[in-house]
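Here the structure comes first, spelled out in structure tokens, and everything after it is commentary.
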Amino acid sequence: MFKTIEGVADCEIRSVIRFLDARNVLPSGIHHQICQVYGDNAMSDDMVRKWVRMFNEGRENLHDEARSGRPSLVNDDLVRKVNERVRDVSQFLICLCTFLTFQGLYSMTLSVVANIAGVRIL
């Protein structure tokens, strides 16, 4: 029985495909071996066949090619601003919780003292 490797990068699986393809292992055999080591959900049989075909057509790059599309809106400045806001809100909530806890303890203490003194608090 093989040990299963979790959290693998796509390029690692692709390098295994390229290696086994160079050793003349059939795509179904490559898929079977990948599933044994990386788990059943590592890559589908169709994707293994696609990568074997691309390597046989001369592809050498193991990494995804850049795709066109909508540019990312996330940048370092936005991340910094979000982190600042989260920190501000968390500090506010901590202060609010501390205040409410103090108020609750103050009210409980006042009630206990009033009961001992026999005074009714509205």
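A quick note: this is a predicted structure, and the numbers were derived from the prediction, not measured.
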Original post:
Less than 4.5 Å apart, any side-chain heavy atom of Arg14 and any of Asp64?
Top reply: yes
**OP:** Among Asn75, Val82, Asn83, Asp77, find the residue that satisfies the side-chain contact (heavy atoms from CB on, under 4.5 Å) test when tested with Val79.
**Re:** Asn83
Original post:
Does the side chain of Gln33 come within less than 4.5 Å of Val37's, by heavy atoms?
Top reply: no
Original post:
Is it true that Asp45 and Arg49 have a side-chain N and a carboxylate O under 4.0 angstrom from each other?
Top reply: yes
Original post:
Rounded to the nearest 0.5 Å, what separation is found between the CD1 atom of Ile13 and the CD1 atom of Ile34?
Top reply: 6.0 Å
Original post:
Can you find a pair of side-chain heavy atoms, one from Ile30 and one from Trp51, that are under 4.5 Å apart?
Top reply: no
**OP:** Measure the CD-CD1 distance between Glu12 and Ile5 for me, rounded to the nearest 0.5 Å.
**Re:** 6.0 Å
**OP:** Measure from the side-chain N and O atoms of His31 to the backbone N and O of Met43, and report whether any donor-acceptor pair falls under 3.5 Å.
**Re:** yes
**OP:** Look at the side-chain heavy atoms of Ile, Leu, Val, Met, Phe, Trp and Tyr, link any pair under 4.5 Å apart, and say whether Val86 and Val89 land in one connected group.
**Re:** no
Original post:
Got Arg59 and Glu65 here, is their nearest side-chain heavy-atom distance under 4.5 Å?
Top reply: yes
**OP:** Look at atom CZ of Arg80 and say whether more than 12 heavy atoms of other residues, nucleotides or ligands are closer to it than 6.0 Å.
**Re:** yes
Original post:
Side-chain heavy atoms under 4.5 angstrom apart, residues restricted to Ile, Leu, Val, Met, Phe, Trp, Tyr: same cluster for Val48 and Phe19?
Top reply: yes
Original post:
Under 6.0 Å from the CD atom of Glu60, do we count more than 12 heavy atoms belonging to anything else shown?
Top reply: no
Subject >> For the student: nearest non-hydrogen atoms of Gly39 and Thr4, plus distance >> reply: N-CG2, 4.0 Å
Original post:
Should we count CG of Asp88 as having more than 12 external heavy atoms under 6.0 Å?
Top reply: yes
**OP:** Any chance you could measure Leu20, atom CG, to Phe55, atom CZ, to the nearest 0.5 Å?
**Re:** 11.0 Å
**OP:** Give, for atom CE of Met54 and atom CZ of Arg18, the distance between the pair rounded to the nearest 0.5 Å.
**Re:** 12.0 Å
Original post:
Counting only heavy atoms not in Asp76, do more than 12 fall under 6.0 Å of its CG?
Top reply: no
